[in-house]
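Presented below is the structure to which this report refers.
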Amino acid sequence: MDNSATMISIRPFTATDAAAYQALRLAALQDAPTAFASSYEEECNRPLDKVAARLGPQPGESCVFGAFVDGALVGMVGLKRDEHIKLAHKAFIWGVYVAPTMRGRGAGQKLMKAALDHAASWPGLRQVYLGVNAVNQPAIRLYERMGFATYGREPACMIVNGEAIDELLMVWILDDGRWTVGNGRE
């Protein structure tokens, strides 16, 4: 596929995207098991109605975006706001994945931009967090380009096939002039 001819469109998923989402999610869990807390074995028998319920946008609370090329799903990212009142200024990115054939073509950046733009529209939101496998350099570089900063490292965050996987903890601060990494409210 010619990179210059690839038209990637990004949009929120709806319940009607459940089958395509589930297929890509299962492929992601097999392709990159150290990138996700969930496993293929945990999700392969999840009923489609449960998958659909996870996808429906909940204004100000959560949204899952898909990247599409010629109608085919090639990437995804989830965004969820913390449910606790004292933590409602925070949201987290989850489930980021781009199909191997589309990597390096801008899908990941477009997905992250859509998620962060959406997060910025939520009243009172100040921070977006994510965790990334500490050795996944392409993902780390993408998140840094998007404005995320590393604030910690969790050793042995996951154990996958007997191997301890460290995770970098990253944060994106909504730049409204009042918040900075490490200083909180000025």
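Quantities reported herein were computed from a predicted structural model and do not represent experimental measurements.
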Open item on the list: If you apply the rule salt bridge (Lys or Arg N to Asp or Glu O under 4.0 Å), what do you find for Asp17 with Arg11, and how did you get there?
Closed with: CA-CA 11 Å; Asp17 295 309; Arg11 67 169 173 78; 2.8 Å; yes
Task: Trace of the side-chain contact (heavy atoms from CB on, under 4.5 Å) decision for Ile165 with Cys157 - done: CA-CA 6 Å; Ile165 307 298; Cys157 174; 5.9 Å; no
TODO: Go through the steps to decide whether Val160 and Met158 satisfy the test side-chain contact (heavy atoms from CB on, under 4.5 Å), and finish with yes or no.
DONE: CA-CA 6 Å; Val160 180; Met158 293 185 287; 4.2 Å; yes
Task: Trp94/Lys80 under side-chain contact (heavy atoms from CB on, under 4.5 Å): CA gap, chis, key distance, verdict - done: CA-CA 8 Å; Trp94 61 272; Lys80 181 156 180 42; 4.2 Å; yes
Open item on the list: If you apply the rule side-chain contact (heavy atoms from CB on, under 4.5 Å), what do you find for Leu111 with Tyr97, and how did you get there?
Closed with: CA-CA 9 Å; Leu111 282 164; Tyr97 182 76; over 6 Å; no
Task: Criterion salt bridge (Lys or Arg N to Asp or Glu O under 4.0 Å) on Arg103 and Asp31, from CA distance to verdict - done: CA-CA 13 Å; Arg103 292 180 188 156; Asp31 176 48; 2.8 Å; yes
Task: Stepwise salt bridge (Lys or Arg N to Asp or Glu O under 4.0 Å) check, Asp166 with Arg153 - done: CA-CA 7 Å; Asp166 289 3; Arg153 182 184 187 110; 3.1 Å; yes
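When all heavy atoms of Glu42 and Ala37 are compared, the closest pair comes out as OE1-O, 4.0 Å. Scanning both residues, Ile10 and Ala114, for their nearest heavy atoms gives CG2-CB, 3.6 Å. What you find for Leu79 and His118 is that their closest heavy atoms are CD2-CD2, 4.0 Å. Minimum heavy-atom separation, Ala119 to Leu125: O-CD2, 3.2 Å. Nearest heavy atom pair, residue Ala120 against residue Leu174, reads CB-CD1, 3.6 Å. Here the shortest heavy-atom pairing between Met170 and Glu144 reads CE-CG, 3.8 Å.
Both Tyr151 and Ile173 belong to a common hydrophobic cluster when Ile, Leu, Val, Met, Phe, Trp and Tyr are linked at side-chain heavy-atom distances under 4.5 angstrom. Following chains of ILVMFWY side-chain contacts shorter than 4.5 Å, one can reach Met76 starting from Tyr40, so the two form part of one hydrophobic cluster. Hydrophobic clustering of Ile, Leu, Val, Met, Phe, Trp and Tyr side chains at less than 4.5 Å, counting indirect connections, unites Met112 with Leu168.
In this structure, NZ in Lys90 is found 6.0 Å from CG in Asp82, a value given to the nearest 0.5 Å. A distance of 6.5 Å separates CZ of Arg46 from OG of Ser38, quoted to the nearest 0.5 Å. Separation of atoms CZ (Arg126) and CH2 (Trp172) is listed at 11.0 Å; rounding is to 0.5 Å. Atom SG of Cys44 is separated from atom CZ of Arg25 by 12.5 Å, given to the nearest 0.5 angstrom.
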Would you tabulate the side-chain donor-acceptor contacts of residues 128-143 under 3.5 Å, counting partners in other chains and residues two or more places apart, or write 'none'?
| unit_1 | atom_1 | unit_2 | atom_2 | d |
| --- | --- | --- | --- | --- |
| Tyr129 | OH | Gln127 | NE2 | 2.3 |
| Asn133 | OD1 | Val135 | N | 2.9 |
| Asn133 | ND2 | Thr34 | O | 3.4 |
| Asn133 | ND2 | Thr34 | OG1 | 3.1 |
| Asn136 | OD1 | Ala139 | N | 3.2 |

Show the atom names and distances, to 0.1 Å, of all donor-acceptor pairs under 3.5 Å that link a side chain in residues 47-69 to residues at least two apart or in another chain.
none

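By the 6.0 Å contact criterion, CD1 on Ile85 is open, its count of non-hydrogen atoms from other residues, nucleotides or ligands being 12 or less. Residue Lys113 qualifies as open at atom NZ: its count of foreign heavy atoms under 6.0 Å is 12 or below.
Using cut-offs of 30° and 60° on the angle between ring planes, the pair Phe13 and Tyr21 is perpendicular.
With Arg81 contributing its side chain and Ala88 its backbone, the two residues share a donor-acceptor pair below 3.5 Å.
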